[in-house]
Student: 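Let me begin by handing over the structure; questions about it come next.
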2 protein chains.
Amino acid sequence: MFPKIGILGGGQLGRMFIQSAMNWNVEVHILDPDPEAPCKDIATSFRVGNLTDEDAVYQFAKDLDVITIEIENVSVSALEKLQAEGKKIYPQPEVIRIIQDKRTQKQFYQQHQIPTADFRLIENATQLKDHLDFLPAFQKLGSGGYDGRGVIKLEDEFHLDRAFDAPSILEKLTDVWTEISVIIARNPKGEIAVFPPVEMVFNPEYNLVDYLLAPAQISHETLQKAEQLARQVITAFDMVGILAIEMFLTSTGELLVNEVAPRPHNSGHQSIEANFTSQYEQHLRAILDLPLGDTQIRSYSAMVNLLGEKDCEGEAIYQGLEEAIAQKGVFVHLYGKKYTKPFRKMGHITILDNDLGKLREKVKWAKDKVKVIAVGI
Amino acid sequence: MFPKIGILGGGQLGRMFIQSAMNWNVEVHILDPDPEAPCKDIATSFRVGNLTDEDAVYQFAKDLDVITIEIENVSVSALEKLQAEGKKIYPQPEVIRIIQDKRTQKQFYQQHQIPTADFRLIENATQLKDHLDFLPAFQKLGSGGYDGRGVIKLEDEFHLDRAFDAPSILEKLTDVWTEISVIIARNPKGEIAVFPPVEMVFNPEYNLVDYLLAPAQISHETLQKAEQLARQVITAFDMVGILAIEMFLTSTGELLVNEVAPRPHNSGHQSIEANFTSQYEQHLRAILDLPLGDTQIRSYSAMVNLLGEKDCEGEAIYQGLEEAIAQKGVFVHLYGKKYTKPFRKMGHITILDNDLGKLREKVKWAKDKVKVIAVGI
């Protein structure tokens, strides 16, 4: 009944997308380099292959109808070839090409008058000494960064020895009051639907979302500005699918686009239980050219990432799950990963509570109690 | 981390159970006679075999840890053998044995002072003429009835030629004001959790749930009585797992147990979106001896069965889905069945709306608009 979907990448985002697609009997085929990827047992078909290998991607996708991604680091040339042959590729290859390099992504914002933190383009570590006036700043790798990797803070010239020696950007340190994420969807008809912004709290030790609160506790005016900015961004990209837009809210109330992900995103997991439509179903609707779903919240919520404990590597064990699920409004999602590593995303917990105080207490409780450790540690 | 679960039966109930079990990485293995059963692509393993064949059931289950069912018509002797070897069988074989025959089920209610409609035991059609004083009545087959089959109304002696010639019960026609269903769960520790009763509307033409409203619009007193009765029933069975208890509410306010199903049930589908815990996750919790989940509703809801249209047989086509999913609070579930038959359960629609009037309007709309027909018809 529906077209056959292929996803480049078979991690937790693909897994939750498949869980959603199952409700409508939609076939979802997966390509992933890891034979033990989270999608392997639940995809309609699962193929092992390198996502940046043009031939592997082409061979995987040539008999499918709609191709999407759950990671940006894929062979865009294969997608362009498939698009030229009439396949629907959402997000479009040209969007992925811009986004997969933080340098072209930043230049895109500049060209489209999309507010973003000041930056400079850097080709290698040596060039950094010409930009000492720009420190303190974040150095971000142009490509290859993922899940907290590829970002480093350079306070002053004495930090230069830790810098990346690769094409990158130097991004001016901004006075960030809070970080929010706005997830927005657009279908081929051009219909747009925006999820209420969420507020992300990052762990200072590793550059990953620790937990989030939804919706973000920001003024109505800022909320409207954020939604408007999200519309501007997805329209500038002219893209189809889900786009997660991470924004800095500065202490002066300014919104700056930090970076975007043209796919379901860590900052939208809670939508499975907390919104009328989840980000996964919304992406499915968008790429199948169906009417977009209602994005309204059904409840205030929080989402806590279950990351592998710092010093643990090996077969995963989950502590505190039984206590967690004994509580009302607590939803546990594990991603089917057998092995844990420090800070590996192993699952998440969604917490629903319309009392914001209690919600924050439950977040604290969950962060203290639920741990992913390794066998024998 | 969790024990390996096996389910006898791989239809839509097994499918929705697996969708829920995925969130916790629980392995679910399936045995079903139909190689195209709804669970085939999403189970950890899928084996084709007859559920009433003792050896097939035993061979399927002997390397698993916890065995459950999604249909009562299974080899109880195989389950008894497995239980004797230390497997956990929930619901327990002795419970399935009582329930799988409506005759022993009715006698069980009688023995345990559980209110139920008056009945007589019938061995064959010839005996019916000794019970003309008991008509009008329903004749219900002792075993083998399922999904609306195996029940016939006998108004008077002129109806006897349509009677079943098999062991059955003759059940006194009751003055039914409405039919409700109470889903209750019990874990091995004896903890019990009751879902709020739902109100079922049956289609007069075929004996299947047409739609339901949750929670049932009954007085607080009746609601409490229904929940109390449900506790009495699951305790009398001493069972572990989910038990769906269908009750008649008579015009005089009496509650009579009609029949029970010791498994997830059609009358609990809406719990996926409408309650804090779904019936599927609750069954999972119960049979894994985990704390039971909160059964409270998150919203008023309705559930409309998507049944194959009367005159349609063949490859299924779904009409009106796009219009349905365009509406807020409408959730479509298709069961992955390629072929439709008259009244075959092909999917369901859950509708959330806290305005009961609008909820009823949306039910009417969905029943009118969404249809399952066959290719070429």
Side-chain angles (χ1 to χ4, degrees), chain A residues 1-2 15-16 18-20 22-28 38 41-45 191 272-274 276-278 281 284-285 288-296 298-299 315-318 321-338 346-348 350 352 354 375, chain B residues 1-2 15-16 18-20 22-28 38 41-45 191 272-274 276-278 281 284-285 288-296 298-299 315-318 321-338 346-348 350 352 354 375:
Chain A
M1 184 176 63
F2 289 113
R15 184 175 164 102
M16 289 183 269
I18 292 174
Q19 284 182 280
S20 176
M22 268 177 202
N23 288 336
W24 297 352
N25 292 351
V26 182
E27 282 194 20
V28 183
D41 287 327
I42 68 170
T44 309
S45 79
E191 290 166 2
I272 297 172
E273 289 90 6
F276 278 94
T277 308
S278 77
E281 189 181 299
L284 182 65
R285 288 170 179 250
L288 293 182
D289 201 6
L290 294 169
L292 298 178
D294 191 285
T295 55
Q296 204 183 313
R298 298 181 58 197
S299 165
E315 204 171 321
I317 303 177
Y318 301 84
L321 285 191
E322 205 169 315
E323 292 89 329
I325 62 165
Q327 295 190 41
K328 180 176 173 180
V330 170
F331 298 82
V332 168
H333 294 258
L334 304 182
Y335 300 153
K337 296 176 182 175
K338 196 169 175 189
M346 300 298 289
H348 74 264
T350 298
L352 304 182
N354 278 326
V375 169
Chain B
M1 187 177 61
F2 289 113
R15 185 175 163 100
M16 288 183 270
I18 292 174
Q19 285 182 278
S20 176
M22 267 177 203
N23 288 336
W24 297 352
N25 293 351
V26 183
E27 281 194 20
V28 184
D41 287 328
I42 68 169
T44 309
S45 81
E191 288 167 3
I272 296 172
E273 289 90 5
F276 278 93
T277 307
S278 77
E281 188 181 299
L284 182 64
R285 287 170 180 249
L288 292 183
D289 201 6
L290 294 170
L292 298 177
D294 191 284
T295 56
Q296 203 183 313
R298 298 182 57 195
S299 165
E315 204 170 321
I317 303 179
Y318 301 83
L321 284 192
E322 206 169 315
E323 293 90 326
I325 62 163
Q327 294 190 41
K328 179 176 173 179
V330 171
F331 298 82
V332 168
H333 293 258
L334 304 181
Y335 300 153
K337 297 176 182 175
K338 195 169 177 186
M346 300 298 287
H348 74 264
T350 298
L352 303 183
N354 279 326
V375 169

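Reminder, nothing fancy here: chain letters follow the sequence lines and each chain counts from 1.
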Student: Pair up each side-chain donor or acceptor in residues 323-331 of chain B with any protein partner under 3.5 Å, not counting sequence neighbours, and list the distances.
Tutor:
{"from": "K328(B)", "atom 1": "NZ", "to": "Q296(A)", "atom 2": "OE1", "distance (Å)": "2.4"}

Student: Quick one: does any side-chain atom of N25(B) pair with a main-chain N or O of G336(A) as donor and acceptor, under 3.5 Å?
Tutor: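 Confirmed, N25(B) side chain pairs with G336(A) backbone.
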Student: Among R15(B), R285(B), E273(B), E315(B), who wins on heavy-atom pairs under 4.5 Å with chain A?
Tutor: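 Option with the top pair count is R285(B).
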Student: Quick check on the interface: out of V332(A), I42(A), D41(A), who has the most heavy-atom pairs with chain B under 4.5 Å?
Tutor: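 The residue among V332(A), I42(A), D41(A) with the greatest pair count is V332(A).
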Student: Heavy atoms only, distances under 4.5 angstrom: which of D294(A), I317(A), N23(A), L290(A) has the most pairs with chain B? Name it, please.
Tutor: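 Ranked by heavy-atom pairs under 4.5 Å with chain B, first place is N23(A).
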Student: Could you check whether any side-chain N or O of T44(B) sits under 3.5 Å from a backbone N or O of V28(B), counting only pairs where one atom can act as donor and the other as acceptor?
Tutor: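 Yes, because the side chain of T44(B) sits within donor-acceptor range (under 3.5 Å) of the backbone of V28(B).
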Student: Measure distances from I18(B) to the heavy atoms of chain A and classify the residue's part below 4.5 Å as side chain, backbone, both or neither.
Tutor: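 Contact with chain A involves no heavy atom of I18(B) at all.
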Student: Between E281(B), E322(B), K337(B), which has the largest tally of heavy atom pairs under 4.5 Å with chain A?
Tutor: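 If we count pairs closer than 4.5 Å to chain A, E322(B) comes out on top.
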Student: How close do A274(A) and L352(A) get, heavy atom to heavy atom, and via which atoms?
Tutor: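 Looking at all heavy atoms of both residues, the shortest contact is CB-CD2, 3.8 Å.
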Student: Specify which of M16(A), Q19(A), R298(A) makes the most heavy-atom pairs with chain B at under 4.5 Å.
Tutor: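 The candidate making the most pairs under 4.5 Å is R298(A).
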Student: Please name the pair of heavy atoms, one in P38(A) and one in Y335(A), separated by the smallest distance, quoted to 0.1 Å.
Tutor: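 Of all heavy-atom pairs spanning P38(A) and Y335(A), the closest is CB-O, 3.0 Å.
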